[in-house]
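Following this message is one structure expressed as C-alpha cells.
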Amino acid sequence: MDDSKMMGGKIKKPGKRGRKPAKIDLKAKLERSRQSARECRARKKLRYQYLEELVSNKERAICALREELEMYKQWCSAMDQGKIPSEIKALLTGDDQKTSQSSSTKTPKNGKYSGNNQSKCT
C-alpha cells in the first residue's frame, strides 16, 4: 500500500475529500460574482450613510450642549456680579411669562444664546 488506503474493502486514493463540483458555467459564475460585488457595495453605501447620519446627530447634540453650557456660564457670571437672571427668577417662582422681555442675560425663545459664543456650532 504505497499511496492508497484500504478502508472497508475499498481502496481510496489520497486527495480532496467530499463532493466534486459540477462543471459550472464560467459566465454564470462570473455574473454571480458581479452581482455579489454589487450587493456588497450597496450594503457598504448604506452602512456609511447610517454612520454619517449618526455622526451628524451626535455633532448636533454636542452643539446644543455647548450652547446650554454657555448659557449656564453667563448665568453664573451674572450671579457673581450680584444679578439674578430673569430665567432663574422664573424657574424659582414658576412664572414663565415674566421672562419674555427684560434682561441682558436672557435666552432667546429657542433657549440658545447668540453673540460672543465660543463654540463652533452654527
Working to the nearest 0.5 angstrom, can you tell me the gap between L54 CG and E59 CD?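 It comes to 10.5 Å.
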Quick one: pull up OG in S86 and CG in L91 and give me the separation to the nearest 0.5 Å.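 Output value for this atom pair is 9.5 Å.
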Is there a path of hydrophobic side-chain contacts, each under 4.5 Å between heavy atoms, that joins I84 and L92?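 Looking at the clustering, L92 is in the same group as I84.
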Is there a path of hydrophobic side-chain contacts, each under 4.5 Å between heavy atoms of I, L, V, M, F, W or Y residues, that connects M71 with L69?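 Cluster IDs for M71 and L69 differ.
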To the nearest 0.5 Å, tell me how far R32 CZ sits from S36 OG.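 R32 atom CZ to S36 atom OG measures 10.0 Å (nearest 0.5 Å).
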So does K89 get a backbone contact from the side chain of T93, meaning a donor-acceptor N/O pair under 3.5 Å?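 Answer holds: yes.
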Candidates R38, K44, R43 - the one meeting side chain to side chain contact (heavy atoms under 4.5 Å, CB included) with C40: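 Single side chain to side chain contact (heavy atoms under 4.5 Å, CB included) partner of C40 among R38, K44, R43: R43.
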How long is the span from the CE atom in M79 to the CD atom in Q74, to the nearest 0.5 Å?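 So the CE of M79 and the CD of Q74 are separated by 12.0 Å.
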Say whether Y72 and E68, considering side chains only, have a donor N or O and an acceptor N or O under 3.5 Å apart.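 There is such a pair (donor and acceptor under 3.5 Å, judged by atom type) between the side chains of Y72 and E68.
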My understanding is that only residues two or more places apart in sequence, or in another chain, count here; which of them pass side chain to side chain donor-acceptor pair (under 3.5 Å) with Q49?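 Result, side chain to side chain donor-acceptor pair (under 3.5 Å) vs Q49: none returned.
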Nearest-0.5 Å distance, NZ of residue K29 to CZ of residue R34: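 Rounded to the nearest 0.5 Å, the NZ-CZ separation comes out at 13.5 Å.
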In this structure, are over 12 heavy atoms from other groups packed under 6.0 Å from Q35 atom CD?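 Enclosed: over 12 neighbouring heavy atoms sit under 6.0 Å from CD of Q35.
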Whether the S56 and R60 side chains hold a donor-acceptor pair (N or O, under 3.5 Å, no angle test) is what I'd like checked.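 Looking only at side-chain atoms, R60 and S56 do form a donor-acceptor pair, the distance falling under 3.5 Å.
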